[in-house]
Structure formats: C-alpha cells, structure tokens
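The sequence lines fix the lettering, A, B, ..., with proteins before strands; numbering per chain opens at 1.
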Number of protein chains: 2
Amino acid sequence: MSPCQTFIETLRSRGFRITPQREMIIEAIAHQGNHVNADELFALIQERTHAVNIATVYRTLELLVEQGLASRIDLGEGRVIYATYQHGSHIHLVCRQCGQVLDADQEMLSAFNQQLQSNYQFAADLQHISVLGLCLDCQTK
Amino acid sequence: MSPCQTFIETLRSRGFRITPQREMIIEAIAHQGNHVNADELFALIQERTHAVNIATVYRTLELLVEQGLASRIDLGEGRVIYATYQHGSHIHLVCRQCGQVLDADQEMLSAFNQQLQSNYQFAADLQHISVLGLCLDCQTK
DNA sequence: TTTACTGCAAATAATTTGCAAAACT
DNA sequence: AGTTTTGCAAATTATTTGCAGTAAA
C-alpha cells in the first residue's frame, strides 16, 4: 500500500471524511516526499486543479499533524515546513544565507538527548529539530 | 562600566546617535538581563514612559542584533526573543506545553557541533539554539 | 439525512515600512 | 545645518476563522 493510501485509510478509520481536496493534498505531500511549506504545496496542487483552497491546505496539514501522520517543522524566521512520517527522523541543517535545508543523521543527538533528560529532566522533542548555520558553499563565499 | 553603558558607548563610537528612546530600550533590556520579546520589552518601557513607540523598539532591537550586541532567538511557533550578550551562550529548552524557557549548558553540544562540521561541512550557529520539548512539570501532568 | 468539510472573504498578529516632523551631533 | 531617528498609520505576510453552502457517509 502506498504511503498515500495508508494516510487516507488511517484518516477514514478514525472517522474523518475523505474529500477530493484531502486526497489531492495528501497525494501531493506524500508524493513530493520531501519537506514542503503550505504555499509550495498549494502551488503544486494548483498545477493540476484549482478546486482546492489555500485554507483547506492549511486545515488538512493541521489535521495530518494532529493525527500524527506528519510533522510541522519550524525553521525560524517565520519559515514553517511539513514532512510526512514516511520521511524518517532527522536533523534539519538550515543555511542562514541561502536557505537550503540539508538532512543530517538523527543519531548524532542521542547522547545530547540523554543528557537533557538526566541533567535537566527535560524531554526534548528531537524528531525533526532544526539547526541554523552556514552550508559549505556559503562558508567559502 | 555597566553593560548598559557599554552598549551605548559602543553604538556612539560607531557613529549611531543616542536618543532617549534608545537609552530607555537598552536600559530595559540590559537591566532585565534575561530574554525578552518585543512586546514584553515595550510593556516594560511603557510602565515608565509613553515616549517610545513599538516601531522604535523593533528598530532598536534590530540595530543591537546587527551590531552584534544582542541575539535574536527564534523559538518557533512565531515566538521570538532577544538576549543581550552579557547573557552568555546557552541552549534554550522551550516547553511545548507551558511555554517556559529553561537555559541549559552550551557545552553539551560541542561534540555534536564537531560532527556537523566533519560529517556535513556545516558550520552550525549554536550560540543560542532552542530545543522544543516538555519540562518536568508538564511531563507528569 | 446528518453534520463534517469547504470556499470565501474578513480577521489576526507580529513585524515592517514610507514619509514628514523632530532632534542628535 | 545636515542627517539620523522617530512616530504614526498603513502595508505586509502567513495563517486562522466565521459562516453559509456543499457533499461524504
């Protein structure tokens, strides 16, 4: 079953209605695979049909996050992206200069996570953390 | 020399004009010592005088950041705080539930920082990073 | 049939900006 | 005097919301 079908079935089984709009949105985000922001997703859908409103895109993304099927990642400076959970956990390395987003191995933070727990009793949510900095290209410029 | 005086002298030496508004704003943020957001800072100043406009607060904070005297920290979900550099480097632990911000020792990330550099050639800006999660109180609720 | 979902347009909220007046240096 | 800086109000931008109509189940 494609990830897209899985999402739809999950929502249906939880009593949500599957509208053509939701199908389009889920298909777009799942098929795209990578992180997207609401505008990009909306633009992607507009290429095929104008029958989906931007408000519906926001509402559907919110639903996916609430239902644990996607995560909302706040990159700072007002930039917010969404990623479905087919796309595993990782760290987002966001270039302050060019805006590029690199993915890094989540494992690098496991020691840190344990220290936060033992030293500060803080349960960090590191599933999709983001770190600002400079990518290689922008360091040399 | 108080940190507040230092900031003022630094700005003056770089050719910026010291207006009563800037003095008030700098005094408020430096005296407060901790992180503040623009609204809180504005409210703090309003307690003493109404002669400072919110736009000026934003412009002055921007100036302090540009001039390397303060940092702007994006906590996600639209929350932005500012801290002057008298307030050393540290990690911000932001509780997703109650919004409380705890400070943690910056040192915990040094190994991670090196790995980012060697494995991804990414120069992370970890001066004032923020991590979302749940604080002890909210974990037990 | 029932009531969840959608589109639309207006509301938010936090920040930014244009411009003429005020005020540092 | 000559610019910088300020206040004010309007613009921005991304997102949210109210509400009446539409359509899944």
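With hydrogens and angles ignored, the 3.5 Å screen pairs no side-chain donor or acceptor of R72(A) with any backbone N or O of V80(A). N37(A) places a side-chain N or O within donor-acceptor distance of the main-chain N or O of E40(A), the cut-off being under 3.5 Å. Judged by distance alone, with hydrogens and angles left aside, the side-chain atoms of Q114(B) form no donor-acceptor pair with the main-chain N or O of A111(B) at under 3.5 Å. Side-chain N or O atoms of R79(B) include none that pairs as donor or acceptor with a backbone N or O of D74(B) at under 3.5 Å.
R14(B) places its CZ atom 16 Å from the P atom of dT25(C), with the value rounded to the nearest Å. Rounded to whole angstrom, the span from the CG atom of L61(B) across to the C1' atom of dA14(C) amounts to 13 Å. Atom P of nucleotide dT15(C) and atom CD1 of I81(B) are separated by 12 Å, given to the nearest angstrom. Following rounding to the nearest Å, L11(B) (CG) and dT25(C) (C1') show an atom-to-atom distance of 15 Å. Following rounding to the nearest Å, R79(B) (CZ) and dT15(C) (C1') show an atom-to-atom distance of 17 Å. For the pair D39(B) CG and dT15(C) P, the computed distance is 7 Å after rounding to whole Å. Remark: P of dT25(C) and CZ of R22(B) are 10 Å apart, rounded to the nearest angstrom. Distance CD1 (I18(A)) to C1' (dA4(C)): 12 Å, rounded to an integer number of Å.
Residues that satisfy the side chain to side chain contact (heavy atoms under 4.5 Å, CB included) test with Q121(A), not counting sequence neighbours, are L136(B). Remark: S89(B) pairs with Q127(B) by the side-chain hydrogen bond (donor to acceptor under 3.5 Å, both in side chains) rule, at least two apart or across chains.
Of the residues I25(A), I18(A), I26(A), the one that meets the side-chain contact (heavy atoms from CB on, under 4.5 Å) test with F7(A) is I26(A). When each of L41(B), V36(B), I73(B) is tested with I81(B) by the rule side-chain contact (heavy atoms from CB on, under 4.5 Å), just one qualifies, namely I73(B).
Remark: nothing in residues 65-74 of chain A comes within less than 4.0 Å of DNA chain D through any heavy atom.
If R12(B) and G78(B) are placed on DNA chain C by their nearest nucleotide, the residue sitting closer to the 5' end is G78(B). Taking the nucleotide of DNA chain C with the nearest heavy atom to each of R59(A) and A55(B), the more 5' of the two is matched to R59(A). Along DNA chain D, the nucleotide nearest to R17(B) and the one nearest to A51(B) differ in position, and the one closer to the 5' end is contacted by R17(B).
Note on Y58(B): a side-chain N or O is less than 4.0 Å away from OP1 or OP2 of dT15(C). The phosphate of dC8(C) has OP1 or OP2 within less than 4.0 Å of a side-chain N or O from N53(A). Between dC24(C) and T19(B), no contact under 4.0 Å exists linking OP1 or OP2 to a side-chain N or O.
Across the helix from dT1(C)-dA25(D) to dT25(C)-dA1(D), the helix axis at one end is tilted relative to the axis at the other end by 30° (nearest 10 degrees, each axis from five pairs).
Using a 4.5 Å heavy-atom threshold, the side chains of V52(A) and V57(A) count as touching. At least one side-chain heavy atom of Q106(B) sits less than 4.5 Å from a side-chain heavy atom of L126(B).
The minimum heavy-atom distance linking I29(A) with Y82(A) is given by the pair CD1-CB, 4.1 Å.
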Distance-only donor-acceptor hits, side chain of residues 59-71 of chain A, under 3.5 Å, sequence neighbours excluded:
residue : atom : partner : partner atom : Å
T60(A)  : OG1  : T56(A)  : O            : 2.8
Q67(A)  : OE1  : R14(A)  : NH1          : 2.9
S71(A)  : OG   : H128(A) : ND1          : 3.3

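Contact footprint of chain B on DNA chain D: nucleotides with an atom under 4.0 Å from a non-hydrogen protein atom, first to last in 5' to 3' order, dG2(D) to dC8(D).
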